[in-house]
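Here the structure is laid out as structure tokens; the discussion comes afterwards.
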Amino acid sequence: MSEEKSLNFLEEIIEADIASGKHTSILTRFPPEPNGYLHIGHSKSICLNFGLSARYGGKTNLRFDDTNPVTEDTEYVESIKEDIQWLGFQWADVFYASDYFEQLYGFAVQLIEKGLAYVDDSSPEQIAALKGTPTEPGKDSPFRNRGIEENLALFTAMRAGQYKDGEKVLRAKIDMASPNMHMRDPILYRIKHAHHHRTGDAWCIYPMYDFAHGQSDSIEKITHSICTLEFIPHRPLYEWCIDQLGIYPSRQYEFARLNLNYTVMSKRKLLQLVNEKHVDGWDDPRMPTISGLRRRGYTPASIRNFCDRIGVAKRDNLIDVGLLEFCIREDLNLTSKRAMAVLDPVKLIITNYEAGKVEELTSENYPDNAADTRVLPFGRELWIEQEDFMEVPAKKWFRLAPGMLVRLKSAYIVQCESFDKDDAGNVTAIYCTYIPESKSGQDSSGLTAKGTIHWVSAAHAIQAEVRLYERLFGVENPASEEGDFKSYINPDSLKVVTAYLEPSLANATAADRFQFIRKGYFCLDKMATPGYPVFNRTVTLKDAWGKIK
RNA sequence: UGCCCGAUAGUAUAAAGGUAGUACGACAGAUUUUGAUUCUGUUUGUCUUGGUUCGAAUCCAGGUCGGGCAACCA
């Protein structure tokens, strides 16, 4: 099957590298910064990096890019590990850029000794002023031509903690007139008297991304260092460092990151949603985080499948969230147990059914397996969905309306005789007669009902809190809209209802996935307790009637 | 006004000079005790102008449009 599928551009590069003998095996890495939770965009990168190494018989390292102590935390380290493993991947080694601080320091000393790096006493403002703009060249810093010995002494003093934050930096000496802004004497080290989540207070100088990432790749002998498009202009610097240091030549390749419509995909924005309480934490089921999708009921396979279908290329993209929904429905349709639950109840009374009588009816747990069944209690009073009744039926209406026949799933055909309304015009009760000969599985009535609806016995139903989620934002691309992205939050993204469930659902566990027939896929939320079930709606079913309306 | 990426149906993604295909969506029909699933069919596309060539989505040149680049962030 994968032989049939055409190669993406990274697979082509790797196959060419193997064919030419440049590499006999490959090693990739997934390099998150532990400053936030992973999201669906990261899962594209994870599937790519782990998928590529698996396909070509190689390995993948997990490397935390922890060079900025002020934003990083072990909480994030743990969540990242959990999410990767939950997705179904296992790293060969776990490393931290901070493992390499001593080595990186040595690399910096080497550059100074070669006359390729210097300590700059300029302030951040002065450095910015001399940097130039994309259309104008920059100017050399007055400190650019310090002697090697002086630079060495100054850099040693930086490490020793003799200066305050911002007082000095170490810069590469490259070309202040380069058309590539990243080559205009980029900063290599800055002073931060900050506590690091792993190295504690051992360091007060920390390497910048550009001086840590490529060298870390090189130290691990990563063959293909795969990152997103915005790092393209960094590639010359990545290669400059490796070339000047004469170390293992890892190579960087860039792909277009995933964008999903009706959500945001930057850790900064997601952090804001969490901190400002627009959502209930990083794992709020409306969040595009891996932990949010997990809590929502998404399966690892559905996410892997999604990442496979969206493909990999170099052009910017905005993927329709409908594809993600297709992937989870495809999975859950085959694997989830069916059950009946009424989310917006109205009473249905069967006037010719004996009061107090209870029948135990059977219903299939999976539509394609008639042998796997459960028992449902049936009685005179039932709950059905408000929306399955229309006082004045629309054209092509298959469900309940005065005088119309409908099949109660796995039970009887009923005919609507009358209904009650309250002063506000709401239907409060529906009266039907049932056809005793129409019992499911032994129907001799000769009648056919066009529609089938779900129901639960009022006398046996259990109550549950059910959380219905909609997209978090009302616009396709909140990040590109005018003004604050948070002003586009969908006010109806969460609706909590009290539902009536068939009694078997009282035994649901966190591992179970259900299809509430005709309503969608649901799973138990982490807030549920034995006496208080809480269900999350993962996704609705496709709804052809919804379109006809 | 510099440099760097990119441009194929509504959204993604293939076609390595030789039939523009696939998935999702949309639409139509069949089946259905879930208006679900399943099945069948249909629709819609190479940014533009030149050039090279028997032949161009593909190669070349110009243009247009979109994105990125001026954090002591990654």
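Lettering of chains follows the sequences in order, A, B, ..., and the numbering in each one begins at 1. All heavy atoms count here, side chains included; hydrogens, waters and symmetry mates do not. Please read these numbers as outputs of a predicted model, since none were measured by experiment.
- In this structure, the CD atom of A/E387 is 11 Å from the P atom of B/rG35, given to the nearest Å.
- Between B/rU53 and B/rU58, the two C1' atoms lie 13 Å apart (nearest whole Å).
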Requested in this report: Evaluate side chain to side chain donor-acceptor pair (under 3.5 Å) for A/T362 paired with A/T373, printing each intermediate quantity in order.
Outcome: CA-CA 6 Å; A/T362 60; A/T373 61; 5.2 Å; no
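- As rounded to the nearest Å, B/rG10 and B/rU19 have P atoms that lie 23 Å from one another.
- In the interface, the side chain of A/R338 is paired with the base of B/rU34 through a donor and an acceptor atom under 3.5 Å apart.
- Going from atom CZ of A/F231 over to atom P of B/rC73 covers 14 Å, rounded to whole Å.
- As a whole-Å value, the separation of A/R184 CZ from B/rC3 P is 12 Å.
- One side chain, A/E33 or A/T71, offers a donor N or O that lies under 3.5 Å from an acceptor on the other.
- For B/rU42 and B/rG21, the P atoms lie 12 Å apart once the distance is rounded to whole Å.
- Looking only at side-chain heavy atoms (C-beta outward), A/F389 and A/L348 stay at 4.5 Å or farther from each other.
- A/K192 has a side-chain polar atom (N or O) that falls below the 4.0 Å cut-off from OP1 or OP2 of B/rC73.
- Rounded to whole Å, the distance from CD on A/E136 to C1' on B/rA70 is 10 Å.
- For B/rG68 and B/rA61, the C1' atoms lie 25 Å apart once the distance is rounded to whole Å.
- A gap of 15 Å separates the P atoms of B/rA57 and B/rG45, to the nearest Å.
- Only the P atoms considered, B/rU64 is 29 Å distant from B/rG55, to the nearest whole Å.
- When rounded to the nearest whole Å, the span between CG of A/N8 and P of B/rA23 equals 19 Å.
- A donor and an acceptor atom, one from each side chain of A/H454 and A/R338, are nowhere located under 3.5 Å apart.
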Query raised in the report: How does RNA chain B look in dot-bracket notation if pairs are Watson-Crick or G-U with both distances under 3.5 Å, crossing ones as [ ], other-strand ones as |?
Result: .((((((..((((....[..)))).(((((.......)))))....(((((..]....))))))))))).....
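- Scanning atom types as modelled, no donor and acceptor separated by under 3.5 angstrom connect the side chain of A/R518 and the base of B/rU34.
- To the nearest whole angstrom, the two P atoms, one in B/rG6 and one in B/rG62, are 16 Å apart.
- Not a single donor-acceptor contact under 3.5 angstrom links the side-chain atoms of A/H454 to the base of B/rA36.
- The closest side-chain donor-acceptor pair between A/T263 and A/R471, if any, does not fall under 3.5 angstrom.
- Once the 5.5 Å centre distance and the 30° plane angle are applied, the aromatic ring of A/Y209 is found not to be stacked with the base of B/rA74.
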Requested in this report: Apply ring-ring contact (aromatic ring centres under 6.0 Å, His included) to A/F522 and A/F516, showing your working.
Outcome: CA-CA 7 Å; A/F522 293 78; A/F516 290 175; 4.2 Å; yes
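- With C1' as the reference atom, B/rU22 and B/rA15 are 11 Å apart, rounded to whole Å.
- B/rA74 atom P lies 13 Å from atom CD of A/E230, rounded to whole Å.
- Atom-to-atom, NZ of A/K547 to C1' of B/rA36 comes out at 12 Å; the value is rounded to the nearest Å.
- In this model, the phosphate group of B/rU13 is approached by a side-chain N or O of A/R315 to a distance below 4.0 Å at OP1 or OP2.
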